[in-house]
Amino acid sequence: MTSSDIERRWQRAWAEARAFEAEPGDGPKYFLNVPYPYVNGLLHLGHALTYSRTDFMARYKRLRGFNVLFPFAFHATGTPIVAAAGRVARGEERQISILRQMGIPDAEMPRFGDPQHWVDHFPGEVRADIQRLGGSVDWRRSFITTSLNPRYDAFIGWQFRRLRARDLVRRGRHPVVWCPKDGSPVGDHDRIQGEGEMPQEFTVLKFRMDDGSFLVAATLRPETVFGQTNLWIDPDVDYAVAEVDGETWIASASAVEKLAEQAHAVNRKGTVRGSDLIGREAVAPMIRRRIPVLPSTFTDPDKGTGIVTSVPSDAPDDWIALQDIKRGVEGARRWGLDPDAVRGVEAIPIIESGGWGPLPAKEICERMGIRSQDERDRLLEAKHEIYKTGFYTGVMKENCGEYAGMPVEVAKEAIKAAMLASGEASLMYELSNRVVCRCLTPSIVKIVSDQWFLAYGDAGWKALARECLAGMDLYPEVSRKQFEHVLGWLRDWACTRELGLGTRLPWDGKWMIESLSDSTIYMAFYTISHLLDDVPEEAVRDELFDHVFLGVGAAEKVSRATGAPVDAIEAMRRSFLHWYPMDLRISGKDLIQNHLSFCIFNHVGVFDRGLWPRGFGVNGWILVGGAKMSKSAGNFMTMRAALDRWGADVLRLTLANGGDGLDDPNFDAEFADSTDDRLAAWLAFAVETMGKGTDAERPIDAWFSAVLDATLADFCGHCDSMEFRAALKRGYFDLQRDLRWYLRRAGEPDRAVMERFIAFQTQMLSVFAPHVCEEAWSRTGGKGMVSLSRLPDVDPASIDRKAIDAESLLIDLMEDLREVIGLIGGDVRAVHVFTAADWKWHVLALVRAAIAEGGARFDDVMKAVMADPDARRMGKAVPRIVQRMIDLRTSYDLTVDEERSKLAAEAAFLSAEFGCPVRVWTEGESEDPMGKAKQALPLKPAIYVEK
RNA sequence: GCGGGGGUAAUCAAGCCCGGCCAACGAUGCGAGACUUAAGAUCUCGUCCUGCAGAGGUCCGAGGGUUCGAAUCCCUCCCCCCGCACCA
């Protein structure tokens, strides 16, 4: 029988027995779940990691007597499926070949032009794969999201009305990267260029001219307004004149276009040549000083407003441009500029910053040898260098009015806010790099003004979310800082889209609810989804959810209002209260900053305190062969492919062995290749050994029994912390090593101990390799299924530590013997082992006491020991052995008599192992030609090898 | 830049919070031996350097420091990974 036969057999058995269909019942409940996968394809190895870890926990908790619920569902919300279906419909070869690789025959391909077909097709595939993985899932509760599932649709609608009633969903404006052709925001994945780019906020400074119109200059550094000396304008550019928000602004034509998209009232009126503006004067904001307009070549009409305010003290561009114009000052006459006035323009120091003199821009231009305003790249570098230190370490100088003495970091926001309030400035948004939509249209920034938001920026909501987090268990605990940071950092989340599958926003049907936003509290839906199937669709209404999830109203009343049967309503309420709150949700670490945090927010926004989530587990991203899995790297693997190659048990074991914590665990194919044989061998061993053996009760049987207890305790400790790699090592690899030792020591094993061992090993290993363990369990007389069996509790205090320590003493001694025999070489006639004399045990007690009291400093310990008359009597041998005792502190907790009787009892075994007589003495008891006996220390016997 | 996680012997990877049983768990790989007709599987031993007595030396990204004692604590620096959103 091959491992795949075994896997199929037990998967069928679990399904037939409905082994994992969870109902309220005996034992404490444990509800764990995972984010449902998006059904646009097959699962990959990364899914396998997260789902395996969840299944490990589910199976472990069952072994510990918990009534475990592990449900699973499918996510279809959002645009990718719609987009991909569109590509299939248009016959795009790339998309079609992706589907072909997932096993879709060409004849089926046309059907994938319809998004609905994806939703019909993939959930079944995903479920089949999870079942093949051995997932212990209650499949009755599965569902699909979006309006394709009216009951889920109603649930999401209820959730949003509920949040809105608490004023947590609000309408607002927001800058987004926008495709003018598609008429929608352009997410990172919808871009062929400019991934990661986001709208950058510029402060638009307004400079009033004598005729009442404004020259407007965009800046990223509003705090430098105190150093403004002039404006730069390109004489060869035609600037637009436009009415903006009721004022007359002059800016580049493209800037006016942008402003029009950004919720400004814009009315274009005409143009003005840059050269006509040179030499005029305008009043600079904040400093309220008249400054001249000077010509430059470095301004870019497509960047900002095409007009630049000049701060030559801190902006290298401005400094160099100013030097340029002063050098060619006579030429400035042709703009009608007064050369003396130009010469009179001087940089004004405004920021005090570590490592820089009063004029950083001048300094860096001189240091880098920048000569001209046309050295664009070097000027950019210079700008970054100044900004880095200036922003984080700089302080505003005394000439900066009420901002004097303020750190630049703070002053920047304060100055901007003040100018916005006084009307001297406005805002505009711009992309710092080009972004191109998949439809090949360059993106712009648009202010969307009727967008709906989940108000994650709301202080009161944040406070509740923090409270929830503080009460949660996190695995690993080191992820807590990340969560805390995210909760603080989250701002209002735009929760609606115009496109894609999903649920319509109940009160504003123009919008669909976005895919992360419809997935925040659906774990509650699992508790009732199978019961809800029996309720008529039209009865699934807010009153029903209000009652089931919030306890509003009496069941009879809700029944009358909705038409749902009373007993169904009551059953749902009971089920929800039984399973909720969820105990654990497990995902990849990438979901910390969105989904898992949203999950906290929406729970505290909807449910009462007692129903908030209790725990999150996060894991890294799977590496294959040490590299991040990707199609381009050639190491991408679907879960199905991995199952085909190795089978479920091996795959699971290999995933568990990959590593714990937030690091990316490595999938080691070599380990996987060697694991199938190992499992088969173990199954054969268990079947072969069960029921055989002696009934003699020997010390070594007590040892192995104690090891079983200790292993079980450690195993549980690791599983409780989701340290599955460590649990696998302890509960399997270490225990297998101990078994080999036991068999070597015992010869014929003890029947009762072996029965105990086989049962425990099967149970512990079943967390990782459930199929082969069911097989082993059933063939070694286990009752029922191992998946539903109970692992006994171990009281750590009851473990026989003496037996373990005594055996460790023997193992250490054997290592020493091997080393000595190996070193001296040749034939060995006999081995003599000497345990330490009584007085050394006395000294050991003194040493231990001294260390416990005052640390391990030799002088102090020695003094303490020599204060004892009995020790002093032993004279000059004492310092040496005290030093050795300090160096060689052992953790074994054994007495003199225990050491001696253990070694005496094992002399025969040692003789057999080393193939020569082994005699055990107490120091001084026997001949000792090489004077080795005196080296004996308590728990570190001396050795004399006779050649 | 900000926030988070890391850098350990051929590889993967424990230990670090709570300093000493740490030449540093374990697995994989590699080497030797046993078993076997052989291969495989399995078992034993070994796998930083030196050593004919259980030891010594060097070592846990680099450099300093604290301590009787540091992979573990403190400081500085270097490098890698993840996230910084409106998207699954």
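Numbered from 1 within each chain, the chains take letters A, B, ... in sequence-line order.
- Ring geometry for Trp489(A) against His485(A) counts as parallel: the plane angle stays under 30°, on a 0 to 90° scale with 60° as the upper cut.
- Close to C45(B), at under 4.0 Å from its OP1 or OP2, lies a side-chain N or O of Arg744(A).
- Here the side chain of Asp816(A) is nearest to one of A53(B), A27(B), G54(B), namely G54(B).
- Residue Arg480(A) is classed as having no contact, given no heavy-atom separation below 4.0 Å to the nucleic acid.
- Salt-bridge annotation for Glu815(A) and Arg818(A): absent, with no side-chain N of the basic residue lying under 4.0 Å from a carboxylate O of the acidic one.
- Heavy atoms of Gly658(A) sit under 4.0 angstrom from primed sugar atoms or phosphate atoms, though from no base atom.
- Residue contacts for Phe453(A): at a heavy-atom cut-off of 4.0 Å it reaches no nucleic acid atom on any strand shown.
- The aromatic rings of Phe671(A) and Phe733(A) lie perpendicular to each other, with more than 60° between the two planes, well past the 30° mark.
- Aromatic pair Phe483(A)/Phe616(A): centroids less than 6.0 angstrom apart.
- Taking the side chain of Val478(A) as heavy atoms from C-beta on, and the options A27(B), C12(B), G6(B), the nearest nucleotide is G6(B).
- Within the 4.0 angstrom heavy-atom criterion, base atoms lie near Arg725(A).
- Counting only heavy atoms from C-beta on, Leu516(A) has its side chain closest to C87(B) among G4(B), C87(B), G54(B).
- Stem regions for RNA chain B, each three or more consecutive Watson-Crick or G-U pairs with both distances under 3.5 Å and listed by first number, read B:1-7 with B:78-84, B:10-12 with B:26-28, B:29-34 with B:42-47, B:48-50 with B:55-57, B:61-65 with B:73-77.
- Between G6(B) and G40(B), the two P atoms lie 42 Å apart (nearest whole Å).
- For the C1' atoms, the distance linking G69(B) with G19(B) amounts to 8 Å, nearest Å.
- Residue Trp489(A) has its side chain nearest to C84(B) when only C45(B), A53(B), C84(B) are considered.
- Here the nucleotide nearest the side chain of Lys940(A), chosen from A55(B), C43(B), A53(B), is A55(B).
- Of the candidate nucleotides A53(B), G83(B), A55(B), G83(B) has the atom lying nearest to any side-chain atom of Gln593(A).
- Among C82(B), A53(B), A27(B), the nucleotide with an atom closest to any side-chain atom of Lys589(A) is C82(B).
- Relative ring orientation between His832(A) and Trp921(A) is described as parallel, the plane-to-plane angle staying below 30° on a 0-90° scale split at 30° and 60°.
- A straight line from CD of Gln736(A) to P of C25(B) spans 20 Å, rounded to a whole angstrom.
- Checked for salt-bridge contact, Arg170(A) and Asp458(A) meet the test: a charged N lies under 4.0 Å from a carboxylate O.
- Among the atoms of the strands shown, none is found under 4.0 Å from any heavy atom of Val486(A).
- Using a 4.0 Å heavy-atom cutoff across all strands shown, Ala681(A) reaches no nucleic acid atom at all.
- Phe74(A) has its ring centre no less than 6.0 Å from the ring centre of Tyr36(A).
- The listed nucleotides are G26(B), G3(B), C45(B); the one nearest the side chain of Arg737(A) is G26(B).
- Proximity note for Gln482(A) (side chain, C-beta onward) versus A53(B), G3(B), U44(B): the nearest is G3(B).
- Asp734(A) and Arg730(A) are joined by a salt bridge, as a carboxylate oxygen and a charged side-chain nitrogen come within less than 4.0 angstrom of each other.
- Distance from the side chain of Lys481(A) is smallest to G5(B) among C12(B), G5(B), G54(B).
- Residue contacts for Gln451(A): at a heavy-atom cut-off of 4.0 Å it reaches no nucleic acid atom on any strand shown.
- Between Glu498(A) atom CD and C87(B) atom P there is a gap of 12 Å when expressed in whole angstrom units.
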